Amino acid sequence: MAADWSVSGLVDRLERKGFVRRTRDQADGRRVIVEIDRDHVASFGALFADFVTGLETLYAGYTDEQLDVILDFLRRSAAVQQQATGKLTGQAI
């Protein structure tokens, strides 16, 4: 079975997993509005509580100045990676 990579396929998958729901546009019945199911998405917060606590503990070990340097490095290295990927894919950024 081939993967469905269309937008409709993406929305179908998100809907099956409970992340979104489709509703008809009241003004134009031909249109469908995709709405986030905020309650379902919010239910994942507990899954990440330990992760967030761990990051907060990690951050606490650095000064604001050190975090500024780390953030600068991450942003600049991401830009370098994006440029390299753009060259490889022919989609220069």
Side-chain angles (χ1 to χ4, degrees):
M1 181 167 100
D4 184 359
W5 296 109
S6 67
V7 172
S8 294
L10 172 64
V11 174
D12 288 344
R13 290 187 300 276
L14 290 170
E15 190 173 38
R16 277 193 303 270
K17 293 179 187 228
F19 290 104
V20 300
R21 64 182 155 271
R22 289 178 168 105
T23 59
R24 287 274 172 211
D25 184 332
Q26 297 298 323
D28 184 349
R30 297 169 295 177
R31 290 180 55 197
V32 173
I33 298 170
V34 178
E35 300 174 331
I36 294 173
D37 184 335
R38 296 191 187 283
D39 292 334
H40 183 71
V41 172
S43 71
F44 290 104
L47 296 174
F48 296 96
D50 290 341
F51 175 66
V52 170
T53 300
L55 286 177
E56 288 171 346
T57 301
L58 177 65
Y59 299 153
Y62 294 95
T63 66
D64 286 346
E65 292 79 17
Q66 290 171 322
L67 289 171
D68 285 341
V69 171
I70 293 167
L71 181 58
D72 177 63
F73 171 80
L74 291 172
R75 285 181 175 153
R76 292 171 66 187
S77 65
V80 169
Q81 292 172 26
Q82 288 173 337
Q83 288 173 351
T85 301
K87 285 182 181 179
L88 290 171
T89 61
Q91 301 173 352
I93 298 173

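On a predicted model such as this, the values are computed, not experimentally measured, just so you know.
With rounding to the nearest 0.5 Å, the separation of CD in Glu56 from CZ in Phe51 is 11.0 Å. Atom OG1 of Thr85 is separated from atom NZ of Lys87 by 11.0 Å, given to the nearest 0.5 angstrom. If you take CD on Glu15 and CG on Asp37, they are separated by 10.5 Å, rounding to the nearest 0.5 Å.
Between Tyr59 and Leu67, the shortest heavy-atom contact is O-CD1, 4.1 Å. Residue Arg30 comes nearest to Arg24 through the heavy atom pair O-NH1, 3.9 Å, listed as atom of the first residue, atom of the second, then distance.
A continuous path of hydrophobic side-chain contacts links Leu14 to Phe44 [ILVMFWY only; heavy atoms under 4.5 Å]. In terms of hydrophobic clustering, with Ile, Leu, Val, Met, Phe, Trp and Tyr side chains grouped at heavy-atom distances under 4.5 Å, Val11 and Ile33 are assigned to different clusters. No chain of hydrophobic side-chain contacts below 4.5 Å, direct or via other Ile, Leu, Val, Met, Phe, Trp or Tyr residues, connects Leu10 to Val32. Under the 4.5 Å side-chain heavy-atom criterion for Ile, Leu, Val, Met, Phe, Trp and Tyr, Phe73 and Val80 are members of distinct hydrophobic clusters. A chain of hydrophobic side-chain contacts below 4.5 Å, direct or via other Ile, Leu, Val, Met, Phe, Trp or Tyr residues, connects Val41 to Val34.
Other residues, nucleotides and ligands contribute at most 12 non-hydrogen atoms within 6.0 Å of the CG atom of Asp50. For Leu55, the CG atom sits in a packed shell: over 12 heavy atoms of surrounding residues, nucleotides or ligands are nearer than 6.0 Å.
Note on ring orientation: taking the six-membered ring where Trp is involved, the planes of His40 and Phe19 are perpendicular (angle over 60°, cut-offs 30° and 60°).
Looking at Asp12 and Arg22, their side chains come closer than 4.5 Å, going by heavy atoms from C-beta outward.
Listed for the Arg21 side chain is no donor-acceptor partner under 3.5 Å among the backbone atoms of Glu35.
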